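Just so you know, ligand 1 is whichever comes first in the structure, and atom 1 is the first atom listed for that ligand. Just so you know, these numbers come straight off a predicted model, no measurement behind them.
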Amino acid sequence: MNSVQPIPVVVLSGFLGSGKTTLLNHLLTHRGGTRIGVVVNDFGSIEIDAMAVAGQVGDSMVSLGGGCLCCAVDGSELDAYLEKLAAPVHRIDVIVIEASGLAEPQEMVRMLVANENPAVRYGGLVQVVDAAEFDATRAAHPETDRHLAVADLVVLNKTDRVDAAERARIEAELAALAAPGTPLVGADHGRIDPELLFDRRPWTETRGQLSFEDLLAEAGEHEDGDHHAAHAHATYESVSFATDQALSPRRFIDFLDRRPAGLYRIKGFVWFGVPGHQERYEVHAVGRFLRFDPGPWGRGEPRRTQLVLIGKGIDGPGLLGALEDCREADPGRAGPESMWGVLRYAPRPVEEAPAEDAPEDPPGGARG
Ligand SMILES: Nc1nc2c(ncn2[C@@H]2O[C@H](COP(=O)(O)OP(=O)(O)OP(=O)(O)O)[C@@H](O)[C@H]2O)c(=O)[nH]1
């Protein structure tokens with residue numbers, strides 16, 4: 001059985017000039033030891049420094065050429081690019097697609113969800129909004145509202161260009177346009193915490209020996225850390241939860257369904273212990289987007305649940321209490337139907353999985 005987890009593919013969408021490239025540059029320079037694969041329309045605006053620091057120049061960078069990504073590339077072409085990026089030799093941890101400012105994000109999401117390559121998985125849709133141009137963009141491009149409705153995370157960028165009252169007004173409008181519970185993050189020059197989108201590996205985890213490039217990037221991180229990165233981190237809170245008891249799949253899904261909008265990200269793994277579903281379920285939530293990836297436990301690895309929750313203005317003790325209430329003392333008695341809620345958010349069973357471990361047909365797709 002293949003224990004390598006599929007690489008999440010995050011789509012960065014937003015109207016022309018909203019700040020997608022700026023945000024992508026920020027992610028590239030604050031990625032820690034994480035290796036980011038990038039798919040963009042053109043490299044013109046990606047800072048060469050960021051690319052060099054990220055060690056992404058060369059084969060793992062893929063340009064789709066000019067024009068609108070969705071229109072210019074059909075599904076099979078995108079699949080080929082993703083396959084190239086996902087080749088084990090690149091050791092890519094996350095792929096970010098910067099959709100052209102004119103792209104229909106739904107189309108991109110559809111292509112990714114339909115992608116049959118087991119090496120990648122759809123990882124959520126981030127919609128970047130220009131605070132200063134919000135009204136003008138909506139008036140000229142009514143499809144903006146539709147794009148907001150399908151976003152998993154909304155980034156209100158260019159907050160430096162509006163005053164507090166204007167920002168509050170736009171935030172209220174965005175909350176009404178986005179699906180209920182969609183988190184909204186404010187940003188100045190795209191400076192969001194990269195942890196909202198992917199796990200940042202520490203340098204030591206990915207490198208045996210630091211190369212010159214790594215040292216350069218590390219120095220850059222520390223230098224910058226005093227300003228942007230540290231600032232971004234300071235505005236978020238994170239809470240950790242761990243238990244050796246199994247979690248009730250029904251209660252955990254209920255917890256996730258009711259998660260507050262300020263809870264931007266959840267990552268970790270869960271042990272449900274339900275007969276036929278003894279795998280380790282990796283959980284990954286970005287905003288409203290939710291995904292479970294079942295996989296094998298390591299040899300001798302204790303069965304347990306470990307989660308990190310990241311958000312702003314979240315009630316840490318309340319969340320931990322709610323997670324404690326999800327614990328299940330006797331998971332062996334649960335029927336397979338108790339897993340349906342979880343399996344709705346899991347990918348199709350992998351072919352190599354032993355028959356007795358293969359999940360039943362889930363009653364829905366993997367989209368949250
Ligand atoms: N004042 C201000 N300017 C910003 C901010 N974010 C980005 N910009 C500027 O806005 C312009 C457009 O930003 P980009 O990151 O290129 O936007 P984009 O969405 O990638 O643009 P397209 O590729 O044309 O769709 C650039 O001049 C940025 O420097 C911000 O938060 N505040």
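- Within the set His189, Glu98, His26, the minimum heavy-atom distance to atom 4 (C) of ligand 1 is found for His189.
- Atom 12 (C) of ligand 1 has its nearest heavy-atom neighbour, among Gly17, Ser13, Gly190, in Gly17.
- Proximity of Lys20 to ligand 1, defined as any heavy-atom pair under 4.0 Å, is shared by backbone and side chain alike.
- Under the side chain to side chain donor-acceptor pair (under 3.5 Å) criterion, Asp244 pairs with Arg304, sequence neighbours left out.
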Do any side-chain atoms of residues 172-186 form donor-acceptor pairs under 3.5 angstrom with protein atoms, and if so which ones, sequence neighbours left out?
residue: Glu173; atom: OE1; partner: Arg138; partner atom: NH1; Å: 2.9
residue: Glu173; atom: OE2; partner: Arg169; partner atom: NH1; Å: 2.8
residue: Thr182; atom: OG1; partner: Ala179; partner atom: N; Å: 3.4
residue: Thr182; atom: OG1; partner: Ala179; partner atom: O; Å: 2.6
residue: Thr182; atom: OG1; partner: Arg288; partner atom: NE; Å: 3.1

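- You'll find the side chain of Leu247 reaches within 4.5 Å of the side chain of Cys326, heavy atoms only.
- Atoms of ligand 1 found under 4.0 Å from any heavy atom of Asp188, numbered from 1 in the order shown, are 31 (O).
- Ligand 1 has a nitrogen or oxygen under 3.5 angstrom from a nitrogen or oxygen of Gly19.
- For ligand 1, the polar-atom distance check against Ser18 finds a nitrogen or oxygen pair separated by under 3.5 Å.
- Contacts with ligand 1 closer than 4.0 Å are made by side-chain heavy atoms of Asp160 only, the backbone lying farther away.
- For the pair Asp254 and Arg250, the salt-bridge criterion is not met [side-chain N within less than 4.0 Å of a carboxylate O].
- Using a 4.0 angstrom heavy-atom cutoff, Gly14 does not count as in contact with ligand 1.
- Screening Tyr345, Phe272, Trp297, Phe269 for a ring pair (Phe, Tyr, Trp, His ring centres under 6.0 Å) involving Tyr281 leaves a single residue, Phe272.
- Between Ile310 and Lys267, some side-chain heavy-atom pair lies under the 4.5 Å cut-off.
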